[in-house]
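Structure first, then comments.
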There are 2 protein chains.
Amino acid sequence: MKRARHPDPDELSLIDVLGALNDPIRVGLVRVLADGRERGWGELRVPVAKSTLSHHLRVLRDAGITRTRQEGTRCFVELRGGDLDARFPGLLGAVLGAADRDDVGSHVGVVGGLPEAPADRKPGAPQIER
Amino acid sequence: MKRARHPDPDELSLIDVLGALNDPIRVGLVRVLADGRERGWGELRVPVAKSTLSHHLRVLRDAGITRTRQEGTRCFVELRGGDLDARFPGLLGAVLGAADRDDVGSHVGVVGGLPEAPADRKPGAPQIER
DNA sequence: TTCGATGTTCGCAAAACGTCGAACAAGGTA
DNA sequence: TACCTTGTTCGACGTTTTGCGAACATCGAA
């Protein structure tokens, strides 16, 4: 596995970002990562083949929406909420809010539902990061 | 010319909206319409064939981003900013702000630059085009 | 009624996209 | 060493999107 390329914050392109978000599965992934926590690849539950999931994660990474870290043979994904918000203020939050309203990508999840979430999260409250 | 279908405000789909905005020309059109003024079809200056422009305007209309009004043989386009903001608060504004930063769709304009803007524009100020 | 202007619709072609399974690469483990 | 696990890459397939020009429909004007 090669180490993937992550675009610099000032390199992010709006069209790339919107293009990456133009897919229910990818929006679902972003929603899962919206709490700011890093997630393991294998932890993600998406109803597609793993090659397809790999593709979607690559699109998100190439657009600068997520960051991928590698550890041994497995890797972890994280939302680049700060970078995104610095370059396109409010965009991610608006999309996450809209995705919540529209329930986009709800078939994407993680093992065990919302693990390690100590129940201090209101269901409807979009949370940009951290 | 048939009268086109406009989706109801509560019918708007986030994926459709993001899909419609995932194109520099369409983002440019939205930017032109962002001031809330209605524009004539023929007033729009876009570097594509008219059949292609018709297509882009249809995508925007079908997504619920614009409204098209017909008057005799010509028609007028308008941004559905209110409807959009009611359903997806902040989304349009964030995209417009990001588009400004990224200068997306700057090759889209209207006849006479920014018409009816009474010469209070400094020559060096960034001008969308034409 | 005939003509011109204005958009829309209809093929058509090229490119991009989402999806899959198979093959592969790399790190852990036995 | 051989083997297993974890993701990525590759090639293929069908669908969608973008773009064009030509043909069409409709309205207003001559």
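Below, read A as the first sequence line, B as the second, and so on, with proteins coming before strands; counting in each chain starts at 1.
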Would you mind building the protein contact string for nucleotides 25-30 of chain C? One character per nucleotide, 5' to 3', B for base within reach (heavy atoms under 4.0 Å), S for sugar-phosphate only, - for untouched.
-SSS--
If a protein heavy atom is under 4.0 Å from the base, mark B; if only from the sugar-phosphate, S; if neither, -; do that for nucleotides 13-23 of chain C going 5' to 3'.
-----SBBBB-
Among C/dT9, D/dT8, D/dT9, which nucleotide has an atom closest to any side-chain atom of A/R58?
D/dT9
Let me confirm one number: the CZ-CZ distance from B/R67 to B/F76, rounded to the nearest 0.5 Å.
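CZ of B/F76 is found 15.0 Å from CZ of B/R67.
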So does A/L92 get a backbone contact from the side chain of A/D85, meaning a donor-acceptor N/O pair under 3.5 Å?
no
Separation of atom [atom1] in [X] from atom [atom2] in [N], rounded to whole Å:
X	N	atom1	atom2	result
B/L44	C/dT6	CG	C1'	13 Å
B/D62	D/dT16	CG	C1'	15 Å
B/L60	C/dT8	CG	P	12 Å
A/R74	D/dC4	CZ	C1'	12 Å

For A/D8, enumerate each residue passing the side-chain contact (heavy atoms from CB on, under 4.5 Å) test, keeping only those at least two apart in sequence or located in another chain.
A/D10, A/E11
I'd like to check the side-chain contact (heavy atoms from CB on, under 4.5 Å) partners of B/A49; sequence neighbours left out, ordered by chain and number.
B/S51, B/T52
With [X], which residues qualify under side chain to side chain donor-acceptor pair (under 3.5 Å), at least two apart?
X	result
B/E78	none
B/E38	B/R69
B/D16	none
B/R80	B/D83

Provide the closest heavy-atom pair for B/P7 versus B/L12 in the form atom of the first, atom of the second, distance.
CG-CD2, 3.9 Å
Side-chain donor-acceptor distances from residues 53-64 of chain B under 3.5 Å, at least two apart:
from, atom 1, to, atom 2, distance (Å)
B/H56, ND1, B/R26, NH1, 3.0
B/R58, NH1, B/D62, OD2, 3.2

Going by the salt bridge (Lys or Arg N to Asp or Glu O under 4.0 Å) test, which pairs reach into residues 101-110 of chain A, not counting sequence neighbours?
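Output for this query lists A/R31-A/D103, A/D102-B/R87.
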For a quick test of reading the model: is some side-chain N or O of B/W41 closer than 4.0 Å to OP1 or OP2 of C/dT8?
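Affirmative; the distance criterion is met.
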What's the angle between the local helix axes at either end of the helix from C/dT1-D/dA30 to C/dA30-D/dT1, using five pairs per end and rounding to 10 degrees?
0°
